[in-house]
Amino acid sequence: QKEVEQDPGPLSVPEGAIVSLNCTYSNSAFQYFMWYRQYSRKGPELLMYTYSSGNKEDGRFTAQVDKSSKYISLFIRDSQPSDSATYLCAMSAPDFGNEKLTFGTGTRLTIIP
Amino acid sequence: ETGVTQTPRHLVMGMTNKKSLKCEQHLGHNAMYWYKQSAKKPLELMFVYNFKEQTENNSVPSRFSPECPNSSHLFLHLHTLQPEDSALYLCASSQARVGGTDTQYFGPGTRLTVL
């Protein structure tokens, strides 16, 4: 079983729709959860960062973490064509000065104008 | 220059060649990373340097040789690669600290093709 599972897509939705992206994980030691966005021919850029369970909102983006179900989500409201990218979930366990992220495979998202 | 830069952006090499990838971070961070990104696979951590000391070598073949001369620069020396080593190689940096996790900032990557 992979440590982090993420549906690779591709996922296509019309502009203005709500997008839901998800990851599941198996390692209960994970406490830090991140979503990265990667445009074509670019490196990943951090989009959202959450610690432990709960929700975090930033503009049109909401990150949710459910540690009891080992499930994290990223919601995008009022989706725009500029949101078309690959979205990577990543997570890590507390470590002493040696951060190691475990990534999902990424979900390729296309917003159709 | 800002953030994390990588050169070259594209590299084509034969299996007998020797080449090097370069990464530079302008963020004042103390940790640097090499990742490999292949199609339909998760990002694979290759090496971690913390305060210029290698703290992680994720079972990477010896044909990949990292070098970290200071906390701002990271190199990946390549020799006698195989076609399956073709991938996007990403460099990242972060401010490592005890007991926590800080954001990793990625460079744009080097697209490597091994013929």
Side-chain angles (χ1 to χ4, degrees), chain A residues 1-11 21 23-27 29-52 56 58 63 65 72 85-108, chain B residues 2-10 21 23-25 27 29-58 71 87-111:
Chain A
Q1 183 189 9
K2 291 180 186 175
E3 271 198 294
V4 178
E5 298 273 2
Q6 184 176 11
D7 186 341
L11 179 64
L21 304 168
C23 288
T24 58
Y25 62 95
S26 57
N27 187 347
F30 288 145
Q31 291 194 32
Y32 300 92
F33 304 92
M34 286 137 271
W35 287 95
Y36 282 83
R37 178 175 62 195
Q38 186 175 19
Y39 290 115
S40 182
R41 298 188 184 87
K42 296 281 183 74
E45 58 176 329
L46 184 71
L47 198 57
M48 297 288 282
Y49 175 103
T50 52
Y51 170 71
S52 195
K56 185 173 182 179
D58 184 1
V65 175
I72 69 170
T86 297
Y87 289 80
L88 305 160
C89 65
M91 44 201 81
S92 68
D95 201 348
F96 292 99
N98 194 16
E99 175 188 357
K100 288 188 284 186
L101 295 180
T102 302
F103 284 85
T105 53
T107 299
R108 189 169 178 181
Chain B
T2 58
V4 181
T5 58
Q6 289 186 246
T7 54
R9 294 294 308 275
H10 300 273
L21 310 184
C23 175
E24 185 172 359
Q25 61 96 358
L27 301 167
H29 290 160
N30 56 20
M32 297 187 77
Y33 312 78
W34 280 117
Y35 286 90
K36 177 183 179 182
Q37 188 174 35
S38 305
K40 299 183 181 177
K41 285 187 174 181
L43 276 166
E44 299 173 51
L45 179 65
M46 299 175 73
F47 301 103
V48 180
Y49 277 83
N50 218 322
F51 292 98
K52 301 187 302 176
E53 299 297 320
Q54 188 180 122
T55 57
E56 184 82 15
N57 176 339
N58 213 16
S71 57
L88 182 68
Y89 288 85
L90 290 160
C91 173
S93 71
S94 72
Q95 188 63 24
R97 55 186 173 89
V98 172
T101 291
D102 280 335
T103 306
Q104 288 188 17
Y105 293 84
F106 285 84
T110 295
R111 173 68 62 186

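This structure is a prediction, so every number in the text was calculated from the model and none was measured. Each chain gets a letter, A, B and so on, in the order its sequence line appears, and its residues count up from 1.
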task = Could you look at B:Leu43 and say if it's the side chain, the backbone, both or neither that has a heavy atom under 4.5 Å from chain A?
result = both
inquiry  = Has B:Arg111 got a side-chain atom pairing as donor or acceptor with A:Arg41's backbone, closer than 3.5 angstrom?
reply    = no
remark   = So, the part of B:Gln6 with a heavy atom under 4.5 Å from chain A: the answer is neither
query = Looking at side-chain heavy atoms only, is the closest gap between B:Leu90 and A:Pro44 below 4.5 Å?
reply = yes
ask   = Can B:Tyr33 and A:Leu101 be said to form a side chain to side chain contact (heavy atoms under 4.5 Å, CB included), step by step?
value = CA-CA 11 Å; B:Tyr33 312 78; A:Leu101 295 180; over 6 Å; no
message = Can you tell me which portion of A:Gln38 sits under 4.5 Å from chain B's heavy atoms? Options are side chain, backbone, both or neither.
response = side chain
remark   = Output for pair (A:Thr102 OG1, B:Glu44 CD), nearest 0.5 Å, gives 12.0 Å
Contacting moiety of A:Pro8, where chain B heavy atoms sit under 4.5 Å = neither
key: Spacing of B:Thr103 atom OG1 and A:Tyr32 atom OH [to the nearest 0.5 Å]   = 11.5 Å
key: Closest heavy-atom pair and its distance - A:Phe103, B:Pro42   = O-CB, 3.3 Å
